[in-house]
Amino acid sequence: MTILVTGGAGYIGSHALIELASAGFDFVVLDNLCNASSEALQRVEAITNKCVPFVLGDIRDAGLLKQLFADYAINAVVHFAGLKAVTESVAEPLRYYDNNVHGSQVLLQAMVEAGVFNLVFSSSATVYGDPVEMPVSEACSVGRPTNPYGRSKLMVEDILRDLVVADRRWRIAILRYFNPVGAHESATIGEDPNGIPSNLLPFITQVAVGKLPQLSVFGSDYPTNDGTGVRDYIHVVDLAQGHVAALCYLQENAGVHTWNLGTGQGYSVLDVVHAFELVSGAKIPYRLAPRRAGDIAVCYANPDKAFVELGWSAQLGLERMMHDAWRWQKNNPNGYSNK
Ligand code: NAD
Ligand code: UD1
């Protein structure tokens, strides 16, 4: 079975390639490298000892997609390609809607024309907005995401639900990721954000290697144990394995299916800082700062549905997440670049 992996050179996509390969899937990667390096794919080749077919291009290029579906006997698409920086999405909403929503539409149209109806889509817990219920299950209503990035994810989810009503051939998995962190155990692939990281873990690891002076803890007056925000951090390898489970499920089940991919365990910002310090031996200087606009106090998953239906559950705990994130950062202080 051959999978088209859009955005396969990115953080989660590159980890998913390894799990797809070990589950016996063939694949071809489509990525425009707007937020990735082809070096990641070379490292995936080294880990899997397998050639990674790669097409440099954009999901909005209908002609290219037509050619790709003609050149490869593609059975399913795992669709990671998208822009994901929340602040950037506020500053450049049109770019985000064009890339994430219009891009997905072009991809879906090409799939219809090629007769490919199996899709796994990267959504986000952000679609729940400020969840009314904790832990948040798939049955919770989707809220109003607080930014254009989140709204772009919800719009694509809505399109996918509409497609299944219109055509019963579709088999679609919507995966709502919680907070992916960590790296492959080889420490040769990992998260490589551009510029100053906005997410917590890459910020911490860059403080640890001395690239940034100190962490700002955004908010210390939330109604949580220590006043700092609580999230469901999930190891990227566990997350990647969830995609394999979803693809297998779609082989047996038509329609649209939505799963939370999280651990079900919430940790505060200070829990994460302390866990990282323990594992790395590094001291993370931090200051308590005001809340970040758009942040919610607490968000963690009820992951039961994925366990019952997919037989999937996260296996790797916080300590392992910290360990792997640290090894990746330490061994690759400048990510994939040789600066
Ligand atoms: P990433 O930026 O590392 O990977 C995305 C990849 O898509 C990059 O390699 C980028 O070059 C590529 N890409 C972007 N636009 C493209 C286009 N128009 N055509 C072709 N390639 C394009 O991000 P990631 O963390 O690996 O996230 C993967 C997906 O998961 C994204 O859709 C993201 O929104 C979603 N997601 C991520 C998180 C997270 O915290 N990392 C959380 C929830 C959801
Ligand atoms: C953010 C996005 C979300 C996106 C997700 C993955 C916002 C409001 N939400 O989620 O839409 O899907 O990233 O890309 O941006 N923190 C600090 N200091 C920092 C960075 C973060 O204290 O320097 C705190 C945050 O306030 C939060 C926690 O750490 O409590 C996690 O933050 P982050 O990693 O940015 O993820 P989310 O905010 O959950």
Side-chain angles (χ1 to χ4, degrees), residues 5-16 29-38 40-41 55-61 64-65 78-90 95-96 98-100 102-104 106-107 121-129 145-147 149-153 156 175-181 190-194 196-204 206-207 212 214-220 222 224 228-234 236 239-240 261 266-270 272-273 286-300:
V5 183
T6 74
Y11 171 46
I12 303 169
S14 56
H15 288 81
V29 171
L30 173 67
D31 200 303
N32 66 5
L33 300 182
C34 68
N35 193 37
S37 161
S38 59
L41 298 177
V55 175
L56 176 62
D58 198 294
I59 53 167
R60 292 164 293 184
D61 185 341
L64 175 75
L65 287 174
V78 180
H79 178 31
F80 293 106
L83 301 174
K84 63 166 183 176
V86 170
T87 314
E88 197 178 69
S89 81
V90 174
R95 188 168 149 240
Y96 269 68
D98 180 50
N99 198 83
N100 294 3
H102 172 63
S104 296
V106 174
L107 174 67
F121 174 62
S122 300
S123 189
S124 167
T126 192
V127 299
Y128 293 114
T146 52
N147 53 74
Y149 163 72
R151 285 191 279 277
S152 77
K153 288 290 168 191
V156 176
L175 303 183
R176 292 179 179 155
Y177 310 157
F178 281 69
N179 290 60
V181 295
E191 190 169 9
D192 183 18
N194 283 331
I196 296 178
S198 53
N199 293 123
L200 180 62
L201 234 290
F203 203 104
I204 289 178
Q206 293 200 12
V207 170
L212 295 168
Q214 72 172 356
L215 172 72
S216 296
V217 175
F218 297 140
S220 51
Y222 286 113
T224 62
T228 67
V230 167
R231 295 291 183 276
D232 186 338
Y233 299 93
I234 174 168
V236 66
L239 187 73
L261 296 186
Y267 290 105
S268 74
V269 175
L270 292 182
V272 172
V273 169
Y286 66 83
R287 71 178 183 103
L288 300 178
R291 295 181 180 192
R292 181 172 67 179
D295 270 359
I296 55 178
V298 179
C299 185
Y300 58 96

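Every number for a ligand or one of its atoms is a count from 1 in the order of the listing. Owing to the predicted nature of the structure, the values given are computational and were not obtained by experimental measurement.
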Which of the atoms of ligand 2 are close to [X], meaning less than 4.0 Å from one of its heavy atoms?
X      : result
Tyr149 : 11 (O), 12 (O)
Ser198 : 20 (C), 35 (O)
Leu215 : 18 (N), 19 (C), 23 (O)
Gly229 : 30 (O)
Ser124 : 12 (O)

Which bit of [X] gets closer than 4.0 Å to ligand 2, counting heavy atoms only: side chain, backbone, both or neither?
X      : value
Asn179 : side chain
Pro197 : neither
Tyr233 : side chain
Ser216 : backbone

Salt bridge (charged side-chain N to carboxylate O under 4.0 Å, His left out) partners of Lys84, counting only residues at least two apart: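 Testing Lys84 for salt bridge (charged side-chain N to carboxylate O under 4.0 Å, His left out), a comparison that skips the adjacent residues, returns Glu191.
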Residues in salt bridge (charged side-chain N to carboxylate O under 4.0 Å, His left out) contact with Asp61, at least two apart in sequence or another chain: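 Salt bridge (charged side-chain N to carboxylate O under 4.0 Å, His left out) list for Asp61, sorted by chain: empty.
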Can a donor-acceptor pair be found between the side chains of Asn194 and Asn35 at a distance below 3.5 Å?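 There is such a pair (donor and acceptor under 3.5 Å, judged by atom type) between the side chains of Asn194 and Asn35.
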Is there any N or O on Phe218 that sits under 3.5 Å from an N or O of ligand 2?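 Yes: some nitrogen or oxygen of Phe218 is under 3.5 Å from one in ligand 2.
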Which heavy-atom pair separates Pro145 from Val127 by the least distance, and what is that distance?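 The answer is CG-CA, 4.1 Å.
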Find out whether [X] and [Y] are in side-chain contact, i.e. whether some heavy atom of one side chain is under 4.5 Å from a heavy atom of the other.
X      : Y      : result
Asp31  : Leu56  : no
Leu212 : Phe203 : yes
Leu215 : Leu200 : yes
Ile12  : Tyr177 : yes
Gln206 : Pro197 : yes

Do the charged groups of Asp98 and Arg95 touch, with an N to O distance under 4.0 Å?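 Here Asp98 does not pair with Arg95 in a salt bridge, since their nearest N and O are not under 4.0 Å apart.
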Got the residues with a heavy atom under 4.0 Å of ligand 1, by chain and number?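 Within 4.0 Å of ligand 1, protein side: Gly7, Ala9, Gly10, Tyr11, Ile12, Asp31, Asn32, Leu33, Cys34, Asn35, Ala36, Gly57, Asp58, Ile59, Arg60, Phe80, Ala81, Gly82, Lys84, Asn99, Ser122, Ser123, Ser124, Tyr149, Lys153, Tyr177, Pro180.
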Can you tell which of [options] gets a heavy atom nearest to [atom]?
atom                    : options                        : answer
atom 5 (C) of ligand 2  : Thr146, Asn199, Val127, Thr126 : Asn199
atom 3 (C) of ligand 2  : Leu288, Asn147, Val86          : Val86
atom 25 (C) of ligand 2 : Thr224, Val273, Val217, Asp295 : Asp295

Whether Tyr149 and Tyr96 hold their rings parallel, tilted or perpendicular, with breakpoints at 30° and 60°: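 Perpendicular.
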Just jot down the ring-ring contact (aromatic ring centres under 6.0 Å, His included) partners of Tyr233, sequence neighbours excluded, or say none.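 None.
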